Amino acid sequence: MKIKSELSKIIESALINADINAEEIVISDATKPEFGDYQYNGVMKLAKQLKKNPREIATQVLAEIDTTGMISKVEVAGPGFINIWLNNEWLSEQTIAILDDTRVGVGQVEKAQKVVVDYSGPNMAKQMHVGHLRSSIIGDTLSTLLEFLGEEVIRQNHIGDWGTQFGMLIAYLEEQNTDGNTQELKDLEQFYKDAKVRFDESEDFANKAREYVVKIQGGDEHCLTLWQSFINASLGHCEDVYKKLNVNLTREDVRAESFYNDQLPQVIETLKEKGISRVSDGAECVFLEGSDVPIIIQKGDGGYLYATTDLAALNFRDKELNADRICYVVDARQAQHFKQVFSIAKQAGMVKDEVALEHIGFGTMMGQGGKPFKTREGGTPKLVDLLEEAVVRAKDAIKDRDVRSEEELDAVAKAIGIGAVKYADLSISRESNYIFNWDKMLSFEGNTSLYMQYAYARIQSILRKHNAEVTGSIIVADEVEHRLALMLLKFEDTLTKAAIEATPHTITSYLYDVVTVFMKFYELNPILRDDIDEATRNSRLQLATLTAAVIEKGLSILGIEVVEKI
RNA sequence: GCACCUGUGGCUCAAUUGGAUAGAGCAUCAGACUUCGGAUCUGAGGGUUAGAGGUUCGAGUCCUCUCAGGUGUACCA
């Protein structure tokens, strides 16, 4: 239900009837319950343009507002706000209409955009660590969200599979293989360290490593085979993490750095031809306006840099993938890099003007005390370990709650533990740094996934207890039911906003509001108690059912599972 | 040096992009139970939005300066 755009239409025709021109009509949520459900604040701006008294204009507009359908009441307040109340019967009709809808009232976009979402992008030389967490889950949520709204999403996992360190790694892999020991790749971190030790201790090995770098680049079959098997193993590690994390990235989504290798000379050629780049100190450089430091696109020795690869990728995404919107879910510290690369790509016509290029930046994950996240030993924690710890902690938190089988406990612990890690991350506004805190994320209180999952389980418990078909209508009878029904109908507006701005926390804070209102409703309005008449009971049961559906769908967009019992 | 980002109750975060008296959760204190799952709910205290100017009907949000912290910045990605 697109409530805001429905209201915009009503206000628009009121403005037309009042003989007033307005370009864009923005409806916002009321800031307080006394001010109604929604408000239109545009009159003040219009009054300024028309040089008239805002309250006078507001009164004129007010007289033209149609209050026969969704709106029950309107008023002029303050300097010229128009406050809007929605009709309870309208809320009843709308909520009952979406009760059997698997999309809980969320429509699909009329014209699908092609959206490329570039996220995760792990480096194949190393094990995934906590630094990859945010990109992976924010990007995945964004993808799921856009897909749900009907956009055509093309996921791109731009893995780092190219560079000098691979010479060392495959040389070491070869050495290990001849010993018949292929298990070494279990721990990439260790493998890397061991290879580095060999590199430092043996001149022969170091030379071989350097030689292998050149050979891979030259297309040497033996080396490429080694390289490929290394990448396969490393990618396998990533896939384990994705599976644990409930992140939807597959091999089909992998478009590695190396994929763009043969397009790099063309990128340089194009930039040279268009006069965008020039040689400086032996390197091919682009000097952007307002900056005296160049962006190097080709080193003095002929090698390419990541800006070059990114340009090739942009070109590919525009020309081959035909993207309308390209989102890079990458650490906020790379803001400048993307600004530059986007600017060059547009100047050079590698990306059409109308294509939206967005850097979806996010802040750094911090440990306690706001310092960089480290293990007790001072290293960077591996993502697998972190996720395993989350599940163990979740299990510990719920093990005394209820008698159940070990399998059940494991499944619930997994949903809760992983959900906690993801929710904690997604519920903070993307751009700010975020402080990782186990106790907070695994709390039943406050804005946590566990609180949402708990609310869902409670509703399921009520429905199980009732154990019968629920029919009849939803009667929005009092203030709290009004708020709950309206909240449930706001789902689509919320998702739309989150998709446009790429802000998952919009969804979490909405879900938190839904659950808070539901908890109030639940305290004030008993459902199954004996003295409740059947019509009321059915109405309340249906509101509860719909609430559960919104929670379930909302969490699933965040890649978080619900459980029937906690 | 230059550029960008951040600064909101004790702590962790919001604030619909310039709207009404800046909202939540932790924590603190005070209440509610013969519990439809109390790991819940109700209420209270706690703020000069780092500071100073400015723009206007109206500023946490925009502009200028100052302070504090962070990040990036020529051949890594």
Side-chain angles (χ1 to χ4, degrees), chain A residues 4 26-32 34-35 38-39 41-42 44-45 47-48 53-54 77-81 83 121 123 125 158 160 162-165 257 280-285 290-307 309-310 331-337 339 361 363-364 370 397-398 401-402 424 427-429 431-435 437 439-440 443-448 450-451 454-455 457-466 493-494 497 501 503 505-506 508-509 512-513 516 519-520 522-530 532 537 540-541 544 565-566:
Chain A
K4 286 191 182 178
V26 180
I27 304 291
S28 32
D29 291 347
T31 49
K32 284 171 193 291
E34 308 94 90
F35 299 151
Y38 287 95
Q39 52 184 241
N41 305 331
M44 271 100 73
K45 272 174 207 135
K48 200 178 217 170
N53 180 315
F81 299 102
N83 294 340
N123 185 339
H158 190 87
W162 207 247
T164 47
Q165 70 272 58
E257 258 181 82
S280 169
D281 277 357
E284 191 68 26
C285 295
S291 168
D292 45 351
V293 190
I295 298 101
I296 298 176
I297 52 171
Q298 187 171 27
K299 297 194 282 185
D301 67 3
Y304 303 100
L305 291 120
Y306 78 133
T309 314
D310 278 336
D331 195 304
R333 284 175 289 196
Q334 306 221 19
Q336 183 181 321
H337 164 73
K339 206 175 162 195
T364 313
I398 57 162
R401 267 188 77 78
D402 213 348
S427 59
I428 217 104
S429 79
E431 310 245 19
S432 50
N433 291 347
Y434 125 76
I435 297 178
N437 182 331
D439 294 334
K440 217 178 112 186
S443 168
F444 272 88
E445 282 154 10
N447 188 7
T448 65
L450 191 42
Y451 184 66
Y454 175 67
R458 251 178 128 170
I459 295 171
Q460 295 313 309
S461 167
I462 296 165
L463 297 176
R464 274 196 302 273
K465 190 159 191 172
H466 176 66
D493 279 346
T494 304
K497 184 173 185 251
E501 298 176 354
T503 49
H505 85 278
T506 310
T508 60
S509 71
Y512 183 63
D513 287 343
T516 306
M519 288 295 192
K520 287 194 174 97
Y522 174 83
E523 290 287 323
L524 292 168
N525 296 357
I527 300 174
L528 299 182
R529 224 167 57 189
D530 293 343
I532 303 300
R537 173 176 302 164
R540 291 176 180 172
L541 278 166
K565 286 184 198 169
I566 287 176

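Order of the sequence lines fixes the chain letters, A, B, ..., with proteins taken first and strands second; residue numbering starts at 1 for each chain. Note that the structure is predicted; figures quoted are calculated from it, not measured.
Contact annotation for A/Ala397: base contact, defined as any heavy-atom pair under 4.0 Å involving a base atom. Counting any heavy atom pair closer than 4.0 Å across all strands shown, A/Asn83 reaches a base atom.
Paired regions of RNA chain B, where each region holds three or more successive Watson-Crick or G-U pairs whose two hydrogen-bonding distances fall under 3.5 Å, are B:1-7 with B:67-73, B:10-13 with B:23-26, B:28-32 with B:40-44, B:50-54 with B:62-66.
Between the CG atom of A/Asn447 and the C1' atom of B/C26 there is a distance of 12 Å, rounded to whole Å. Whole-Å rounding puts the A/Lys339 NZ to B/C4 P distance at 7 Å. In this structure, A/Asp513 atom CG and B/A24 atom P are separated by 10 Å, rounded to whole Å. Following rounding to the nearest Å, A/Leu450 (CG) and B/C26 (P) show an atom-to-atom distance of 13 Å. Across the protein-nucleic acid pair, A/Lys32 atom NZ and B/G19 atom C1' stand 13 Å apart, rounded to whole Å. As a whole-Å value, the separation of A/Asp439 CG from B/A27 C1' is 13 Å. Between the CG atom of A/Asn437 and the C1' atom of B/G25 there is a distance of 13 Å, rounded to whole Å. The NZ atom of A/Lys45 sits 13 Å away from the C1' atom of B/U56 (whole-angstrom rounding).
Between A/Lys440 and B/C13 there is no side-chain polar atom (N or O) within less than 4.0 angstrom of OP1 or OP2.
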Exercise for the section: Please assess A/Thr506 against A/Thr494 for the test side-chain contact (heavy atoms from CB on, under 4.5 Å), listing each intermediate value before the final yes or no. Expected result: CA-CA 7 Å; A/Thr506 310; A/Thr494 304; 4.1 Å; yes
Exercise for the section: Quick one: do A/Phe444 and A/Tyr451 satisfy ring-ring contact (aromatic ring centres under 6.0 Å, His included)? Show the steps, please. Expected result: CA-CA 5 Å; A/Phe444 272 88; A/Tyr451 184 66; 8.8 Å; no
Handout entry: Evaluation steps, side-chain contact (heavy atoms from CB on, under 4.5 Å), between A/Glu284 and A/Ile296
Key = CA-CA 6 Å; A/Glu284 191 68 26; A/Ile296 298 176; over 6 Å; no
Exercise for the section: Quick one: do A/Tyr306 and A/Glu257 satisfy side-chain contact (heavy atoms from CB on, under 4.5 Å)? Show the steps, please. Expected result: CA-CA 9 Å; A/Tyr306 78 133; A/Glu257 258 181 82; 5.9 Å; no
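Remark: side-chain polar atoms of A/Asn433 are not paired, donor with acceptor, to backbone N or O of A/Gly363 under 3.5 angstrom. Looking only at distances, a side-chain donor or acceptor of A/Arg537 sits under 3.5 Å from a matching main-chain atom of A/Arg529. Between the side chain of A/Asn437 and the backbone N or O of A/Lys440, at least one donor-acceptor pair lies under 3.5 Å.
To the nearest 0.5 angstrom, A/Tyr512 atom OH is 8.5 Å from A/Thr448 atom OG1. Going from atom NZ of A/Lys32 over to atom CD of A/Gln39 covers 11.0 Å, rounded to the nearest 0.5 Å. The CD1 atom of A/Ile566 sits 11.0 Å away from atom OG of A/Ser461, with the distance rounded to the nearest 0.5 Å. Rounding to the nearest 0.5 angstrom, the gap separating the NE2 atom in A/His505 from the OG atom in A/Ser427 is 9.0 Å. The distance from the OG1 atom of A/Thr364 to the CZ atom of A/Arg333 is 3.5 Å, given to the nearest 0.5 Å. A distance of 8.5 Å separates NZ of A/Lys4 from CD1 of A/Ile27, quoted to the nearest 0.5 Å.
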Fill in the blank from the handout: Its contact letters, B for base, S for sugar-phosphate only and - for none at protein heavy atoms under 4.0 Å, make nucleotides 68-77 of chain B read ---SSSBBSB
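The same atom, C1', is picked in B/C13 and in B/A27; the two are 15 Å apart, to the nearest Å. Going from the C1' atom of B/G70 to that of B/G23 covers 27 Å, rounded to whole Å. For B/G53 and B/U61, the P atoms lie 14 Å apart once the distance is rounded to whole Å. Nucleotides B/U21 and B/G58, compared at atom P, are 13 Å apart to the nearest Å. Only the C1' atoms considered, B/C63 is 33 Å distant from B/C11, to the nearest whole Å. Across B/U49 and B/C62, the matching P atoms stand 15 Å from one another, rounded to whole Å. Look at the C1' atom in both B/G7 and B/U66: the space between them is 14 Å, to the nearest Å. Going from the C1' atom of B/G1 to that of B/A74 covers 16 Å, rounded to whole Å.
The side-chain ring of A/Phe81 is not stacked on the base of B/G19, judged by centre separation under 5.5 angstrom and plane angle under 30 degrees.
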Give every pair of a protein N or O atom and an N or O atom of nucleotides 32-36 of chain B that lie under 3.5 Å apart, one pair per line with the distance.
from, atom 1, to, atom 2, distance (Å)
B/C36, O3', A/Lys465, NZ, 3.3
B/C36, O2, A/Leu528, N, 3.1
B/C36, N3, A/Ile527, N, 3.3
B/C36, N4, A/Tyr522, O, 2.3

Sub-3.5 Å pairs of nitrogen or oxygen atoms, protein against nucleotides 14-16 of chain B:
from, atom 1, to, atom 2, distance (Å)
B/A14, OP1, A/Ser429, N, 2.7
B/A14, OP1, A/Ser429, OG, 2.2
B/A14, OP1, A/Ser432, OG, 3.4
B/A15, OP1, A/His505, NE2, 3.2
B/U16, O2, A/Lys4, NZ, 3.1
B/U16, O2, A/Asp29, N, 3.4

Between the protein and nucleotides 42-45 of chain B, which nitrogen or oxygen pairs come in under 3.5 angstrom?
from, atom 1, to, atom 2, distance (Å)
B/U42, OP1, A/Lys520, NZ, 3.3

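Residues satisfying the ring pair (Phe, Tyr, Trp, His ring centres under 6.0 Å) test with A/Phe35, not counting sequence neighbours, are none.
You'll find the side chain of A/Pro54 stays beyond 4.5 Å of the side chain of A/Lys48, heavy atoms only. Between A/Leu463 and A/Leu541 there is a side-chain heavy-atom pair separated by less than 4.5 Å.
Considering only the side chain of A/Lys48, B/U56 comes nearest among B/U40, B/U56, B/G19. Here B/A24 is the nucleotide among B/A20, B/A24, B/U56 with the atom lying nearest to any side-chain atom of A/Tyr512.
Shown here for A/Ile295 and A/Ala307, the closest heavy-atom pair between the two residues is CG2-CB, 3.9 Å. Across all non-hydrogen atoms, the minimal contact from A/Asp301 to A/Gly303 is OD1-N, 2.8 Å.
For B/U55, the O4'-C1' to base torsion is more than 90° from 0; the nucleotide is therefore anti.
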